[in-house]
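Here is the structure we will look at.
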Protein chains: 2
Amino acid sequence: MCSDDGCCCGDSHGRIQRFIEPCLLLLLAQKPTHGYDLIDKLSLFGFDGIDPGTIYRYLREMEKNQLVTSEWITEGKGPAKRKYELTGEGKEYLLSWQTVIKKNREILNIFLQELEELNFD
Amino acid sequence: MCSDDGCCCGDSHGRIQRFIEPCLLLLLAQKPTHGYDLIDKLSLFGFDGIDPGTIYRYLREMEKNQLVTSEWITEGKGPAKRKYELTGEGKEYLLSWQTVIKKNREILNIFLQELEELNFD
DNA sequence: TTACTATATGTGTATTTTACCTATATATGA
DNA sequence: TCATATATAGGTAAAATACACATATAGTAA
């Protein structure tokens with residue numbers, strides 16, 4: 001299988017494909033901020049100890065696709081931050097995920113219900 | 001982006017990683033059957049027009065991992081079918097997904113709630 | 001009997017997505 | 001000046017998925 005702890009669905013499996021993307025957009029819709037901060041906030045959606053490289057790549061890809069814009073912030077403590085902000089297109093894109101997520105939730109409900117009806121455990 | 005219809009989350013995105021696997025196991029728990037029939041039944045979980053090759057590969061992989069067993073059925077109409085059945089290990093594995101799916105449902109709820117609180121549309 | 005269609009299982013390979021590892025740079029404090 | 005925390009970024013391997021194609025059998029229509 002995949003892991004050595006006997007369960008194959010604990011770590012990376014069971015996640016929704018590219019779910020990080022709408023999560024990042026949602027967080028940016030709440031408040032424009034930089035990547036390192038977003039990494040922390042992603043824990044709200046169950047992303048814990050996520051690889052920073054993945055996040056920065058997503059952000060750059062989303063900027064390329066005009067879902068976000070960015071600017072360098074040199075003031076304040078530490079090294080320069082790249083502050084990201086949601087665009088109108090990004091907002092629309094985020095909303096388009098709403099339907100997908102609702103459908104997914106419904107599918108999960110069906111799965112859990114069918115599973116319970118088996119009267120296992 | 002990915003598609004040319006303006007939305008990136010309609011087709012392949014937004015799916016749950018390896019979700020087909022527990023779905024197949026659940027269907028087999030309900031009733032042992034063969035791949036071609038499982039492909040039809042997967043529509044229950046939103047898998048529509050899925051590639052048969054993927055399903056057969058999953059089934060063989062799961063047999064290799066002793067989650068299912070199979071036997072050739074030559075009686076009846078048409079070409080021979082390979083009938084799959086859930087093992088005890090497969091049953092345990094299926095149950096281990098229950099927690100993951102519940103957690104995911106909760107995350108989706110959080111996402112949708114946060115999205116609504118933005119008072120977009 | 002030939003050809004066509006539906007059923008059923010399977011392979012090969014490219015693409016996409018994710019994970020892991022490493023590199024770079026700056027400010028701060030010891 | 002040396003170590004550490006903060007912050008961003010790139011290279012590449014592995015995993016998951018998609019797409020195209022191959023094979024075989026039974027039934028049926030020409």
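Everything quoted here is computed from the prediction, not taken from an experiment. Each chain gets a letter, A, B and so on, in the order the sequences are listed, and its residues count up from 1.
- To the nearest angstrom, P of dT17(C) lies 14 Å from CE of M62(A).
- When the options R82(A), E85(A), K83(A) are evaluated for a side-chain hydrogen bond (donor to acceptor under 3.5 Å, both in side chains) with S70(A), the one that passes is R82(A).
- Using a 4.0 Å heavy-atom distance criterion, K77(B) is classed as making no nucleic acid contact.
- For the pair G53(A) and G76(A), nearest-nucleotide mapping onto DNA chain C gives the more 5' position to G53(A).
- For dG10(C), neither phosphate oxygen OP1 nor OP2 lies less than 4.0 angstrom from any side-chain nitrogen or oxygen of Y56(B).
- Distance, L42(B) CG to dT17(D) P: 13 Å, rounded to whole Å.
- Residue Q17(A) contributes atom CD, which lies 6 Å from atom P of dA18(D) at whole-angstrom precision.
- For the pair I39(B) CD1 and dT17(D) P, the computed distance is 16 Å after rounding to whole Å.
- Going from atom CD of E75(B) over to atom P of dT7(C) covers 20 Å, rounded to whole Å.
- The side chain of Y58(A) sits closest to dT18(C) out of dT18(C), dG10(C), dA8(C).
- Contact between the side-chain N/O atoms of R82(A) and the OP1/OP2 oxygens of dA9(D) is found at a separation under 4.0 Å.
- Residue contacts shown for F19(A) are absent, as no nucleic acid heavy atom lies under 4.0 Å away.
- Across the protein-nucleic acid pair, Y84(A) atom OH and dT8(D) atom C1' stand 9 Å apart, rounded to whole Å.
- Inter-residue side-chain proximity for D37(A) and L27(A) is flagged as unmet; no heavy-atom pair is nearer than 4.5 Å.
- For D51(B), taking side-chain heavy atoms from C-beta onward, the closest of the listed nucleotides dA19(C), dT17(D), dC19(D) is dC19(D).
- Taken together through direct or relayed side-chain contacts under 4.5 Å among Ile, Leu, Val, Met, Phe, Trp and Tyr, Y56(B) and I73(B) form parts of separate hydrophobic clusters.
- No side-chain heavy atom of I16(A) sits less than 4.5 Å from a side-chain heavy atom of V100(A).
- Nearest-nucleotide positions on DNA chain C place T54(B) closer to the 5' end than the other of T54(B) and A80(A).
- Contacts between residues 23-37 of chain B and DNA chain D, defined by a heavy-atom separation below 4.0 Å, involve no residue at all.
- Side-chain atoms of R57(B) and base atoms of dG12(C) include a donor and an acceptor less than 3.5 Å apart.
- To the nearest 0.5 Å, the span separating CG on L28(B) from CG on L59(B) amounts to 7.0 Å.
- Atom CD1 of I73(A) is separated from atom P of dT6(D) by 19 Å (rounded to the nearest Å).
- Remark: side-chain polar atoms of T87(A) are paired, donor with acceptor, to backbone N or O of Q66(A) under 3.5 angstrom.
- Between I55(A) atom CD1 and dA7(D) atom P there is a gap of 15 Å when expressed in whole angstrom units.
- Among the nucleotides dA7(D), dA9(D), dT25(D), the one closest to the side chain of W72(A) is dA9(D).
- Comparing dA19(C), dA7(D), dT9(C) by their nearest atom to the side chain of R15(A) picks out dA19(C).
- For the atom pair CZ (R18(A)) and CH2 (W97(A)), the distance works out to 8.0 Å, reported to the nearest 0.5 Å.
- Ring-plane geometry between F45(B) and F19(B) is classed as perpendicular, the angle between the planes exceeding 60 degrees on a 0 to 90 degree scale with a lower cut at 30.
- The side chain of P79(A) has dA25(C) as its nearest neighbour among dA8(C), dA25(C), dT17(C).
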